[in-house]
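Only one structure is covered here, and it is reproduced in the block below.
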Amino acid sequence: MSGFGENPFYGNGGYLSQNSPFGSGGSPGGGQRKYASHTMRPVTLKQLTEATQAHSDAEWMIRDVEVGQVTTVAHVISVQPQTTNNIYFLNDGTANMEARQWVNANDDEGNNTEEIKEGTYVRVLGTLKVFGNKRYITATHIKPDRSVDELLFHILEAATVALILERGSPRRPSEGASGLTSGANGNAGAHSAYTAQSTTTAASTTQFSHLPPLQRQIVTFILSQPRSEEGVHVAAIARHIAANNGGAQKEANSISEALDGLMDQGHVYTTIDESHFSVSE
């Protein structure tokens, strides 16, 4: 996404290039398979304070999207060394939160905890936990950052990921001009990167009129989005289905089975990863 792509916490692309929320197989089927533990999402501390959990053993959710491993960048307010772990009090400009890292005498991951002091910036990788109604990050990695620019970049990346999960992938710059159309009154009406293109949808969905309602909703929504190589994220599909059902959440297995059926029939296919879909035309 920028020069920070060499960050060791992101591997080959971080959250946006990971597996589908419906499993790690060749299709979105098998809703019982968990994906969150194999993905890493950039988040702000405020997002973590607002994350929800159906019950104590349930996965954490941020705006109805399951999260497992997270990464954040923050300013170290204070450091509290203990015998078995170190506690870092963090602030990223959106909220405060503790990060706790267990002390490992045989650590070979290169965690330079001695470099982490009050007033410095750090990148933290770990998982969200709660104990006694207090939330904190159990950190598997903590690395010092050399510049505040990393914090600014991270906040922008967290916002980008949240918007893509909520609204779908934006239009590519090369497609910008095609988003302008003229109305009957001569005024130009611009389709935003997230605006449904109803004219294209109406012309393209007649061939799918024989499909079951849920499959037809999925195809119609994908076709209504700006065309891109990335396709449409499954979380955006789920949100659209919920909105069409008066806000009622559709079972993940139902959407999974509908996508399986569409893929078996050759109507949709996965694009950049197993969580992005496009329609075969």
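The two residues Q47 and A158 have their closest heavy-atom pair at OE1-CB, 4.0 Å. Pairing each heavy atom of T127 with each of K129, the nearest pair is OG1-CE, 3.5 Å. Between D273 and T270, the shortest heavy-atom distance links the atoms O-CB, 3.5 Å. When all heavy atoms of V130 and Q53 are compared, the closest pair comes out as CG1-OE1, 4.2 Å. In terms of heavy atoms, R216 sits closest to L211 at NH1-O, 2.5 Å. The shortest heavy-atom contact between I272 and E230 is CD1-CG, 3.7 Å.
Annotation: the span from I222 atom CD1 to L259 atom CG amounts to 6.5 Å, rounded to 0.5 Å. With rounding to the nearest 0.5 Å, the separation of CG in N86 from CZ in R100 is 12.0 Å. Rounding to the nearest 0.5 angstrom, the gap separating the CD1 atom in I77 from the OH atom in Y88 is 14.5 Å. Note: T71 OG1 to R41 CZ = 12.5 Å, rounded to the nearest 0.5 Å. Note that OG1 of T44 is 5.5 Å distant from CG of D92, once rounded to the nearest 0.5 Å. Atom CH2 of W102 is separated from atom CD of Q82 by 8.5 Å, given to the nearest 0.5 angstrom.
Between the side chain of T120 and the backbone N or O of I116, no donor-acceptor pair lies under 3.5 Å. Without hydrogens or angle criteria, W60 side chain to T52 main chain gives no donor-acceptor distance under 3.5 Å. Between the side chain of S278 and the backbone N or O of G231 there is no donor-acceptor pair closer than 3.5 Å. Q265 contributes a side-chain N or O that, together with a main-chain N or O of G261, makes up a donor-acceptor pair within less than 3.5 Å. A donor-acceptor pair is defined here as one N or O able to donate and one able to accept, closer than 3.5 Å; no such pair exists between the side chain of H154 and the backbone of P42.
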Run the numbers on M40 and L125 for side chain to side chain contact (heavy atoms under 4.5 Å, CB included), then give the verdict. CA-CA 8 Å; M40 179 173 57; L125 184 153; 2.9 Å; yes
Could you go step by step and tell me if E118 and S78 meet the side chain to side chain contact (heavy atoms under 4.5 Å, CB included) rule? CA-CA 5 Å; E118 295 180 9; S78 65; 3.8 Å; yes
Between Y121 and S147, is the side chain to side chain contact (heavy atoms under 4.5 Å, CB included) condition met? List the steps. CA-CA 7 Å; Y121 291 90; S147 171; over 6 Å; no
Could you please spell out the steps behind the side chain to side chain contact (heavy atoms under 4.5 Å, CB included) verdict for Y269 and F277? CA-CA 6 Å; Y269 60 94; F277 296 87; over 6 Å; no
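Looking only at atom types and distance, the side chain of T49 has no donor-acceptor partner in the side chain of R135 under 3.5 Å away.
Both L223 and V234 belong to a single network of hydrophobic side chains, linked directly or stepwise wherever heavy atoms of I, L, V, M, F, W or Y lie under 4.5 Å apart. Note on L214 and M263: same hydrophobic cluster, where clusters join Ile, Leu, Val, Met, Phe, Trp and Tyr whose side-chain heavy atoms are under 4.5 Å apart, directly or indirectly. Residues I137 and V76 share a hydrophobic cluster, clusters being chains of Ile/Leu/Val/Met/Phe/Trp/Tyr side chains in contact below 4.5 Å. No continuous path of hydrophobic side-chain contacts links V73 to M97 [ILVMFWY only; heavy atoms under 4.5 Å]. A continuous path of ILVMFWY side-chain contacts below 4.5 Å connects V279 to I255, so both sit in one hydrophobic cluster.
At a threshold of 4.5 Å between non-hydrogen side-chain atoms, the residues L45 and L90 count as touching. Contact of the Q215 side chain with the H267 side chain is not registered, since no non-hydrogen atoms from C-beta on lie closer than 4.5 Å. Under the 4.5 Å side-chain criterion, counting only non-hydrogen atoms from C-beta, I142 is not in contact with R123. Using a 4.5 Å cut-off on side-chain heavy atoms (C-beta onward), L262 and V219 make contact. The shortest distance between side-chain heavy atoms of V232 and I237 falls below 4.5 Å. Using a 4.5 Å cut-off on side-chain heavy atoms (C-beta onward), N96 and F89 make no contact.
Using cut-offs of 30° and 60° on the angle between ring planes, the pair H233 and H276 is perpendicular.
A salt bridge links R63 with E166: the distance from a Lys NZ or Arg NE/NH1/NH2 to an Asp or Glu carboxylate oxygen falls below 4.0 Å.
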